[in-house]
Structure formats: structure tokens, C-alpha cells
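What follows is a set of notes on a single structure, which appears directly below.
All heavy atoms count here, side chains included; hydrogens, waters and symmetry mates do not. Chain identifiers are assigned alphabetically (A, B, ...) following the order of the sequence lines, protein sequences preceding nucleic acid strands; residue numbering begins at 1 within each chain.
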Protein chains: 4
Amino acid sequence: MRGYNRAIIMGNVARDPEIRYTATQRAVASFSVAVNRSWKDQNGEMREEVCFIPVVVWGKGAEVCERYLKKGGGVLVEGRINVRSYEAKTGEKRYVTEIVADNFQFVGGRRDDGGAAPYGAQDGGGSFQSQGGGSYQSGRGSAPKSYRDSQPPQNDGFGPNDSFPMDISELDSGAASVAPPEDEADIPF
Amino acid sequence: MRGYNRAIIMGNVARDPEIRYTATQRAVASFSVAVNRSWKDQNGEMREEVCFIPVVVWGKGAEVCERYLKKGGGVLVEGRINVRSYEAKTGEKRYVTEIVADNFQFVGGRRDDGGAAPYGAQDGGGSFQSQGGGSYQSGRGSAPKSYRDSQPPQNDGFGPNDSFPMDISELDSGAASVAPPEDEADIPF
Amino acid sequence: MRGYNRAIIMGNVARDPEIRYTATQRAVASFSVAVNRSWKDQNGEMREEVCFIPVVVWGKGAEVCERYLKKGGGVLVEGRINVRSYEAKTGEKRYVTEIVADNFQFVGGRRDDGGAAPYGAQDGGGSFQSQGGGSYQSGRGSAPKSYRDSQPPQNDGFGPNDSFPMDISELDSGAASVAPPEDEADIPF
Amino acid sequence: MRGYNRAIIMGNVARDPEIRYTATQRAVASFSVAVNRSWKDQNGEMREEVCFIPVVVWGKGAEVCERYLKKGGGVLVEGRINVRSYEAKTGEKRYVTEIVADNFQFVGGRRDDGGAAPYGAQDGGGSFQSQGGGSYQSGRGSAPKSYRDSQPPQNDGFGPNDSFPMDISELDSGAASVAPPEDEADIPF
DNA sequence: TTTT
DNA sequence: TTTT
């Protein structure tokens with residue numbers, strides 16, 4: 001059966017994203033998100049727990065992460081759950097589970113926000129996004145707040161994926177793109 | 001505040017998708033999905049209800065819909081909730097709510113499946129997908145089973161949207177695309 | 001086919017929730033959420049749009065809404081999409097679509113937060129929840145921040161629903177409940 | 001920040017669920033779901049991959065799982081991602097990630113369905129659900145097809161959770177519950 | 001009928 | 001305007 005696989009989490013970035021590059025220069029950022037959860041136990045006592053969920057972002061999004069996601073910042077992440085395995089030096093098979101994100105968005109502000117960071121925008125949230133046609137300008141002054149994978153993506157659940165149909169260089173090239181016409185709104189369904 | 005907006009529904013296509021084109025030749029398919037829900041009422045009686053949820057698909061996906069989604073078929077749809085308004089002839093403002101899909105997937109089979117349809121795949125499900133680089137071949141023999149919007153999309157919740165950064169013609173042009181390297185798997189996070 | 005139906009939205013409360021009661025005294029709160037979305041159009045211009053999504057909350061949650069959700073506040077809502085119809089005075093059939101929430105959570109803070117409100121918690125977010133056993137204390141000093149329907153609920157997608165298996169009065173009665181044992185963690189799967 | 005944590009996956013049960021009981025007799029079922037994903041790589045070749053995602057179900061749902069979820073069957077699971085750690089005999093800290101489900105539903109049919117199983121229902125899908133008031137009758141002839149946690153629970157993302165406010169025995173007792181009134185529909189919002 |  |  002064709003599967004479906006989607007995860008949506010919101011929490012605080014637990015440590016600054018780390019970026020790495022594959023041999024072919026594809027970027028991968030990794031970080032984890034601390035998701036707090038609280039509940040009342042059988043004695044009516046309030047209890048809390050944090051869950052640290054590892055996240056990876058491929059391609060252009062990786063760079064956005066590295067630049068703008070900072071430890072402590074609030075973030076909403078959307079992606080697919082991926083379980084990969086590797087062989088430990090001991091020969092055992094070990095498993096690693098992480099969310100392969102195709103979409104993320106800054107949320108809220110930091111308690112101790114120094115000021116200029118993308119977090120703590122005047123309205124307690126913001127967003128950034130890089131779209132296919134190469135809309136992301138790394139050198140812009142205004143901080144991006146949200147991001148959505150521009151590649152045919154992750155097929156989180158629906159489709160294939162890790163083989164993005166579009167190269168980063170392509171994204172950066174600012175290739176022309178055509179937006180939907182203004183008249184879409186008046187189509188009488 | 002930067003919003004988030006995502007809907008995931010699964011049910012049966014209530015009527016064959018209808019396709020239309022905007023002045024600029026952008027395709028839009030519309031159909032509705034019958035989502036069944038059942039519960040036990042206070043008397044322990046089983047009760048059922050259907051909810052018909054309107055869905056629209058823009059661009060290339062619209063054509064995939066028209067060709068493969070058929071009345072009665074099972075489908076999983078992912079997208080954002082959109083509320084648009086229009087003025088009735090009486091002058092009143094009317095509202096229309098629909099899911100603007102960026103992803104859909106065939107699910108299960110039809111009771112009375114004649115055979116060749118994309119539904120009723122041998123394993124009770126299947127999928128198709130059109131990815132950025134133009135992977136969808138309209139004339140192929142094998143029926144696609146799932147679809148994910150190849151445009152930077154929908155920003156369902158995260159990002160912008162209806163102005164897709166990539167034109168349909170582009171999608172159809174089969175422009176080269178570079179997939180992630182084989183070695184991605186061995187990156188030691 | 002058994003359907004699935006789930007919507008997750010985040011945005012700002014567009015107007016203070018209104019509460020009503022059915023003949024049998026079941027509470028229903030209704031409000032709408034302004035979900036902002038921005039994107040770059042074909043000219044690279046940033047564009048924005050808001051979508052106002054109607055939400056209803058049944059039962060105890062309705063009261064939580066009324067007390068704590070205020071116009072302008074950030075909120076994350078989870079529920080199922082419901083389309084109901086009614087006959088207009090003109091005889092036409094009209095449709096209303098809304099999210100029947102089973103879960104909601106305060107997010108971020110208000111720009112002009114006066115202070116004591118549940119919004120604007122020191123860490124830019126918070127949550128409240130009323131659980132089956134009657135954990136919600138209306139008179140408490142500390143503002144709740146999140147809520148999850150304690151009734152077998154909504155079966156958003158999965159199950160039945162509007163016939164909640166538990167009465168509001170029951171919820172308030174603080175009926176005993178048994179939490180999972182402390183030792184759950186050490187279960188060797 | 002109050003977190004949010006939700007995962008929705010659909011795939012095939014990879015092995016028959018195993019059930020265990022805590023010292024206090026709370027049931028826990030565990031199994032994993034094989035989620036298939038396919039995509040076209042840079043050479044236009046179709047590729048496929050499976051991801052095995054571990055799932056646990058607490059309480060009454062565990063018994064439903066054990067009785068009705070069978071290896072190979074299609075299933076849709078909804079829950080929160082949980083990462084727990086334990087100390088290996090070597091002293092190292094190891095991590096286990098699983099979905100703590102609060103909702104699941106049978107989907108589609110098995111390729112080699114022998115006949116009577118809950119899978120392969122005549123319409124290619126079905127559902128079961130156990131609601132608070134004790135609607136689940138273990139001895140019933142008709143196979144349940146879907147399940148939703150009846151406890152206030154999971155607060156997947158929103159709330160606390162693992163301390164369910166309602167005991168299984170309670171669920172089985174068929175304690176009275178009050179469903180929403182028939183007249184809900186006519187409330188003029 | 002709308003929010004930041 | 002509706003599906004199984």
C-alpha cells in the first residue's frame with residue numbers, strides 16, 4: 001500500500017542548527033526541537049515533560065535554518081518521519097529517527113531576545129519562505145521567517161522523495177517562474 | 001502572526017472532477033470528497049454521517065485529477081483550507097470553503113472496479129506523483145496513483161501560495177533536475 | 001470507506017468567542033481564526049492574504065474558550081472540518097463550513113497585552129487543558145493555556161463524534177480517574 | 001513554549017501487535033507500520049523505500065489492536081512522536097522513537113485476505129471506535145474497524161498526557177454518558 | 001461579521 | 001450538486 005507519513009511539531013530549537021554538505025554539495029542542516037508537554041497526573045498534580053525531536057532539512061532550507069534558527073527560538077516543523085539504520089562499531093544495527101522537514105516556520109519570540117533576531121518580531125511571530133523560482137535572497141536585509149521546501153518535495157507520505165527534482169543551484173539561479181493569474185479569484189466554480 | 005493551515009482528509013470522490021482553465025491557461029480541477037464518519041450515540045446505536053468537502057487542485061495536478069480520480073474512488077487529500085467570498089446577485093456576501101490541495105493520493109479500491117482503473121491496484125492502494133523536474137508523463141501506460149504539487153506551493157500555512165513560482169509549461173518541459181546524491185544516506189549526523 | 005478528517009490551523013482569534021447553549025444545556029462556543037499567509041508573486045513582490053476560518057467548540061471546551069480566548073490572541077486549533085447545510089428563507093440550500101475543534105492551544109503573545117491575560121505568558125506561549133477526570137478548575141488563579149477535548153470525541157476522521165460519551169456535568173464532577181503507572185517508562189519493549 | 005506534536009501515518013502493519021501489561025495492569029500494544037514511499041530519481045527511474053515506524057497504543061486501544069490489527073493489514077495511525085532513552089548494558093544512552101497512538105483506523109484490504117478478517121471489508125475500508133461511555137464490546141461479532149482513544153489524552157502536542165484520566169475498567173463499565181442533543185444541528189450560529 |  |  002502506498003503510504004502516508006506526516007509529522008507536525010512545534011517547540012523550541014534545542015541547539016543551533018549544524019550544517020554539513022554531501023560530496024555533491026547538497027546542504028543538510030540538523031538540529032532538534034524541544035517539545036514541551038504537560039498534564040495533570042492522577043493526583044491532580046501538574047507534570048511536565050520535554051521530548052527532543054531530531055530534525056533534518058535538506059538543500060536550500062538547510063541554509064535558511066543555519067542562518068535564522070537559533071537555540072531557544074520557537075519553531076513549527078512539518079515533514080515526514082524517517083527511520084534510518086546504521087551499523088555500530090560493535091556490529092549491531094542501530095536506528096535513528098528524525099523528521100525530514102519540508103516546511104518550517106518561526107513562532108513566537110525568545111524570552112531573552114537580544115533584539116535584531118528574526119525571533120521576537122513585533123507581532124510575536126513571522127515567517128519566511130523560499131519558493132521554487134529562486135525567491136530566496138540570502139543577502140537580504142529582512143529576516144525570513146518561514147520556509148517551505150521548493151523542491152517537488154518529500155512526498156511526505158505521498159511521494160517519493162529524497163531525490164529532489166530540482167538542484168540547489170537551480171534554486172539560486174532565480175529562474176523565472178510564472179505565478180497564477182490575478183483572475184483566479186473570479187473563476188465561478 | 002504568521003499562520004499555519006493544513007487539512008488532511010480521506011474519503012471517496014463524490015463526483016468526477018471537473019476541470020476549468022483560467023484566462024492564462026492555468027488548470028483548476030474541482031471535486032468533492034465524501035468523508036464518512038460513524039459513532040455510537042447515547043443509546044449505543046451506531047450512527048453515520050457523511051460530510052462532503054469541496055477540493056480544488058491547481059496546475060498540473062488538476063490534469064492528473066481529471067484523468068485519474070473517478071467518482072467513488074478512495075482518495076487522501078492534503079492541502080490548506082480556503083474561505084473565499086463572492087457577492088450573490090442579491091447583493092449578499094456568500095462564503096465558499098474548500099481545500100486547496102497540494103497533495104493527493106489514491107487509496108483502496110472500488111467495489112465495482114472494472115479492472116484497468118488506477119483504483120483497485122492489486123495491493124489495495126497506490127500512488128502517483130508529479131515532481132518539479134517534469135516527471136509526469138501524461139501519455140504513460142501505467143496509471144499514476146499519487147500526486148504532490150511540484151510548485152514551491154501552497155505554503156499551506158507556512159507560506160504564500162496561489163502564486164506558484166513555476167509555470168505549468170515549465171513542468172511539462174521536462175527540465176533537467178538533480179536528485180540528491182546516493183551518498184546522502186551515509187552522512188554521519 | 002471509513003473517512004479521515006483533520007484540520008490544524010494556527011492564527012489569531014478574530015473576535016471574542018461567543019457561547020450558546022443547546023436545549024439540553026450543552027455549550028457551544030464559536031469564533032473565527034484569522035490565518036495569515038504571505039507569498040512572493042511573479043514579480044517578486046511580497047503579498048499577503050488572510051483567511052478567516054470559523055471554529056466551534058462543544059462542551060466544556062466552549063467555556064474554556066469563552067473565558068480565555070480573546071480577540072487578537074494567537075491560537076492553534078485542531079479538529080475536523082464540518083460542512084453543514086441549512087435552508088435559507090429563500091428556500092435555497094446554503095452551506096456552512098467550520099472546524100469542530102477538539103483541541104486548542106494558546107500561542108505567542110499579544111502585541112498590546114495588558115498583563116494578566118493568558119496570552120503573553122513570559123515564554124511566548126502556554127497551554128491549558130481540561131481532561132476527563134475534571135482537571136479544569138474554573139476558579140483557578142493561573143490561566144489555562146491549552147485544551148483537549150476530554151470526550152471520546154470528534155473522532156475527527158476516525159470516529160463518530162458529536163455524541164460525546166461524557167456529559168459536561170460529569171467533567172466537572174471530578175470523577176476519579178486512573179493515570180498510567182509510574183513504571184510505564186521502564187517497560188522493556 | 002507549549003509544544004505541539006502530531007504524527008499521521010498510513011501503511012501496513014509490519015508484524016502482529018504484541019501486548020504487554022504494566023504492573024498496574026495497564027495494557028500496551030506495540031507493532032510497527034511499514035510506510036512505503038516511492039519517487040523518481042534523477043535518471044527518471046522509479047525508486048521505492050519503506051520506513052518501519054514503531055507504534056505503541058496504551059490502554060483499551062491496545063486490546064483492540066491485538067485483536068484486530070494483523071500483519072499486512074492497512075492502517076492509519078495518529079498520535080504523538082515520543083523519544084525515550086534507556087541505558088544500554090554498555091552504559092551508553094540509547095534512544096527509541098515511537099508514535100504513541102491515540103487514534104487508528106483500518107484502511108483498505110489485504111492482498112491475500114482469507115475472508116473473515118476485519119480487513120478487506122466489502123468497501124475496502126472500515127473503522128472501529130471505542131468511546132468513553134464504554135461502547136467497545138469485546139465479544140461482539142462484528143469486527144471494529146477504527147479506534148480513538150477515549151481518554152482525555154495524548155494532548156498530543158497540546159496537553160499532557162500519559163496520565164489518562166480514565167481507567168480501562170471504567171471504560172468497560174459502560175458508565176452512563178450524555179450525548180449531544182439531537183437539536184444541535186438547528187442551532188443558528 | 002473579522003486578527004497580527 | 002454528492003461517495004462507499
Query raised in the report: What is the distance, rounded to the nearest whole Å, between atom OH of B:Tyr4 and atom C1' of E:dT4?
Result: 20 Å
Requested in this report: Could you state the atom-to-atom distance from CZ of C:Phe31 to P of E:dT4 in whole Å?
Outcome: 15 Å
Query - For atom NZ of C:Lys71 and atom P of E:dT4, their distance in whole Å - result: 7 Å
Requested in this report: Let me know the distance between CZ of C:Arg37 and P of E:dT2, rounded to the nearest Å.
Outcome: 19 Å
**Report entry** C:Ile81, C:Thr97, C:Val35 screened by side chain to side chain contact (heavy atoms under 4.5 Å, CB included) with B:Ile81, the one that passes
**Finding:** C:Ile81
Query raised in the report: Separation of C:Tyr95 atom OH from F:dT1 atom C1', in whole Å?
Result: 6 Å
Query raised in the report: What residues, two or more places apart in sequence or in another chain, satisfy side-chain hydrogen bond (donor to acceptor under 3.5 Å, both in side chains) together with C:Glu48?
Result: none
Report task. Specify the separation, in whole Å, of atom CZ of B:Arg94 and atom P of F:dT1. Result -> 13 Å
Query raised in the report: Which nucleotide in the list F:dT4, E:dT1, F:dT1 gets nearest to the side chain of C:Arg15?
Result: E:dT1
Requested in this report: Starting from P on E:dT4, measure out to CE on C:Met46 and report it in whole angstrom.
Outcome: 20 Å
Report task. Confirm from the modelled atom types if C:Asn12 and E:dT2 form a donor-acceptor pair under 3.5 Å, side chain to base only. Result -> no
Query raised in the report: If you check the C:Lys93 side chain, which of F:dT1, E:dT1, E:dT3 turns out closest?
Result: F:dT1
Report task. Return the nearest nucleotide to the side chain of B:Ser32; candidates are F:dT2, F:dT3, E:dT2. Result -> F:dT2
Query raised in the report: What integer distance in Å separates D:Gln105:CD from F:dT4:P?
Result: 18 Å
Requested in this report: Using side chain to side chain contact (heavy atoms under 4.5 Å, CB included) as the criterion, point out the one residue from B:Val100, B:Val13, B:Ile9 that pairs with B:Val55.
Outcome: B:Ile9
Report task. Verify salt bridge (Lys or Arg N to Asp or Glu O under 4.0 Å) between C:Glu49 and C:Arg47, making sure each step is shown before the conclusion. Result -> CA-CA 7 Å; C:Glu49 232 171 70; C:Arg47 299 229 270 142; 5.5 Å; no
Query raised in the report: The side chain of C:Val50 lies closest to which of these nucleotides: E:dT3, F:dT2, F:dT3?
Result: E:dT3
